[in-house]
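Whatever order the structure lists ligands and atoms in, that order sets their numbers, starting from 1.
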Amino acid sequence: MGEYELRCLECGMRIQDTYTNRCPRGCDALLMSVYADNLRIRKDIGIWKFYDWLPVRDTKTVRKIRTIVPDTAPVTYLSDGLGKELGIRNLYISFNGFWPERCAFMRSCTFKELEAICTLARVEEQTSKTLVLASAGNTARSFAQVFSAARKPVVLVVPSINIRRVWTTVEVPSSVILVSLRGDYTDAIRFASHLTECSSACDLINEGGVRNIARRDGLGIIILDALLQIRRMPDHYFQAVGSGVGAIGVYEMAYRACRRFTENSIPHMHLAQNLPFAPMFSAWRARRNVIIADDMRNADACIKEMYADVLSNKNPPYSIKGGVYDVLSATDGEMYGIKNSEARAAQKLFECVEGIDIDPAASIAVAALVNAVERGIVKKNDYVLLNITGGGYQRLNEEHLTCLLHKTTTIISADPSNVEDVLVELQECLHNPAIARV
Ligand SMILES: *Cc1c(COP(=O)(O)O)cnc(C)c1O
Ligand SMILES: [Zn+2]
């Protein structure tokens with residue numbers, strides 16, 4: 001019960017987890033968690049129903065975190081409005097956001113809250129160090145919400161232009177620290193890893209991004225919840241991707257579930273990006289397993305034009321063993337490049353027929369589904385799971401007060417070249433939180 005180990009997808013080495021994110025032999029491959037095969041659905045609330053397939057060992061940890069975030073879970077339901085509109089009888093929606101009428105209570109309004117909760121559980125059991133995380137905004141918001149509620153320290157590195165996306169509905173302790181970085185998301189990722197490499201004194205640990213099994217397995221809950229509701233695997237899975245962490249996590253969990261319940265097969269993965277910046281779409285269209293310069297021409301200008309710029313990762317885990325290319329290949333999947341105008345139209349349609357506001361990124365997935373139906377890739381009797389990765393912001397505002405992190409907690413402004421200075425400041429903040437308050 002609760003036991004798991006890690007396996008390198010390249011060399012097969014088995015590893016005991018100590019918040020390990022890389023193969024000790026240096027393989028350029030993901031580590032995957034290996035759980036006991038007999039998944040039980042526990043009589044529990046929220047995501048803890050699936051606790052046997054999450055990287056948590058101890059029921060004490062589960063109990064502790066469950067009291068902090070009791071009701072976070074994806075909600076899978078059979079669509080009435082959009083299904084009719086598109087002529088698909090078995091369209092299921094996995095709603096990840098805030099929508100109390102459907103029992104959806106993610107107060108940070110995206111599926112990244114699942115990643116945050118599972119990472120909190122993994123940190124709680126595996127390390128005493130402080131986590132450092134890079135984010136374009138949505139991940140930082142989820143981690144801020146969950147780590148604040150747990151009063152657990154975390155350092156969030158966010159491009160300064162995106163810090164308005166980082167807010168919470170709970171009080172933020174001073175050990176939740178925001179580093180506002182001049183630069184873009186890719187700079188933030190680089191800065192976060194420099195910080196942890198130089199930090200021997202201050203005990204920081206890199207969260208790990210796609211290499212963090214807690215993030216992938218946390219998102220994998222989406223397919224387990226769908227399986228429980230639909231009572232079979234969907235034929236198709238649709239999601240908007242920036243890095244592809246969610247898609248990889250869902251694929252891995254579907255793989256485990258299909259070994260456990262052998263009458264099922266893994267869904268075709270339909271992944272969508274937002275034009276004009278769509279490097280994985282561009283590489284996959286050419287059936288290349290690497291992203292080349294040609295896939296990202298005028299990247300900065302293109303990113304500025306995106307409707308859903310949370311999808312703007314310049315270095316996604318596409319070629320890495322176990323990454324997006326492998327997931328698409330293994331499932332006979334498809335990639336979509338969605339224009340802003342298509343996304344806006346899809347968003348309007350969804351909000352009108354389903355009755356809840358959605359994140360611009362989620363509308364990219366809706367537009368991909370519309371496109372797949374038009375092209376006959378999805379047939380009217382197929383079982384489809386559409387992942388609405390974020391939504392309910394307006395609904396949340398009717399119910400909760402939110403406060404912007406940069407108005408309430410410790411904030412450090414930084415330049416990409418400032419690693420050393422920021423380390424000194426961080427050390428002061430983490431060891432002397434009272435002084436650090438602005
Ligand atoms: C982050 C995010 C995505 C993309 O997820 P990746 O795991 O980066 O591919 C999609 N939708 C929303 C709302 C997001 O916040
Ligand atoms: Zn290895």
Side-chain angles (χ1 to χ4, degrees), residues 6-15 20-32 74 94-98 106 108-116 133-143 145 158 162 165-166 185-186 189 209-212 215-220 222 237-252 269-274 277-281 306-318 320-324 327-328 335 338 343 347 357-368 386-393:
L6 310 178
R7 188 169 56 85
C8 171
L9 292 179
E10 181 72 46
C11 70
M13 183 178 177
R14 302 243 168 183
I15 302 150
T20 315
N21 288 333
R22 285 173 190 272
C23 174
R25 294 184 182 141
C27 301
D28 184 30
L30 296 177
L31 305 180
M32 188 170 160
S94 174
F95 186 82
N96 294 275
F98 189 77
M106 291 184 190
S108 60
C109 293
T110 80
F111 72 161
K112 297 207 169 74
E113 204 162 308
L114 297 170
E115 305 178 62
L133 167 99
S135 162
N138 284 0
T139 310
R141 183 170 66 251
S142 290
F143 276 70
Q145 175 83 21
V158 180
N162 294 342
R165 290 192 186 140
V166 192
Y185 179 36
T186 310
I189 292 171
V210 70
R211 295 178 186 274
N212 173 3
R215 280 180 79 162
R216 304 198 320 269
D217 297 355
L219 294 169
I222 288 164
Y237 172 83
F238 282 81
Q239 196 207 298
V241 293
S243 61
V245 180
I248 298 166
V250 163
Y251 168 78
E252 290 173 328
M269 303 293 282
H270 299 266
L271 310 181
Q273 295 206 284
N274 186 188
F277 186 76
M280 292 194 277
F281 163 69
M306 292 168 82
Y307 180 51
D309 69 355
V310 291
L311 305 177
S312 67
N313 190 331
K314 286 186 204 162
N315 188 22
Y318 179 74
I320 188 174
K321 182 94 181 159
V324 174
V327 165
L328 288 167
M335 289 247 26
I338 302 299
Q347 180 163 3
D357 65 289
I358 60 174
D359 191 289
S363 72
I364 302 292
V366 179
L386 170 62
N387 187 344
I388 296 298
T389 44
Y393 297 91

Candidates L271, V241, I338 - the one meeting side chain to side chain contact (heavy atoms under 4.5 Å, CB included) with I364:
I338

Just to the nearest 10 degrees, tell me the angle at the Zn ion (ligand 2) spanned by C23 SG and C11 SG.
110°

Between R165 and D309, does at least one N-O distance fall below 4.0 Å, as a salt bridge requires?
yes

Please identify which of these residues, N387, D359, T110, meets the side chain to side chain donor-acceptor pair (under 3.5 Å) condition with N96.
N387

Mind running side-chain contact (heavy atoms from CB on, under 4.5 Å) on V245 and L219 for me, showing each step along the way?
CA-CA 8 Å; V245 180; L219 294 169; 4.0 Å; yes

Between Q273 and A278 the two heavy atoms that sit nearest each other are OE1-C, 3.3 Å

How close do C27 and E10 get, heavy atom to heavy atom, and via which atoms?
CB-CB, 3.7 Å

Pairs under 3.5 Å, nitrogen or oxygen of ligand 1 with protein nitrogen or oxygen:
{"unit_1": "ligand 1", "atom_1": "7 (O)", "unit_2": "S243", "atom_2": "OG", "d": "3.4"}
{"unit_1": "ligand 1", "atom_1": "7 (O)", "unit_2": "V245", "atom_2": "N", "d": "3.3"}
{"unit_1": "ligand 1", "atom_1": "7 (O)", "unit_2": "G246", "atom_2": "N", "d": "3.2"}
{"unit_1": "ligand 1", "atom_1": "8 (O)", "unit_2": "S243", "atom_2": "N", "d": "3.1"}
{"unit_1": "ligand 1", "atom_1": "8 (O)", "unit_2": "S243", "atom_2": "OG", "d": "2.7"}
{"unit_1": "ligand 1", "atom_1": "9 (O)", "unit_2": "G242", "atom_2": "N", "d": "2.9"}
{"unit_1": "ligand 1", "atom_1": "9 (O)", "unit_2": "S243", "atom_2": "N", "d": "3.2"}
{"unit_1": "ligand 1", "atom_1": "9 (O)", "unit_2": "G244", "atom_2": "N", "d": "2.7"}
{"unit_1": "ligand 1", "atom_1": "11 (N)", "unit_2": "T389", "atom_2": "OG1", "d": "2.7"}
{"unit_1": "ligand 1", "atom_1": "15 (O)", "unit_2": "K112", "atom_2": "NZ", "d": "2.5"}
{"unit_1": "ligand 1", "atom_1": "15 (O)", "unit_2": "N138", "atom_2": "ND2", "d": "2.8"}

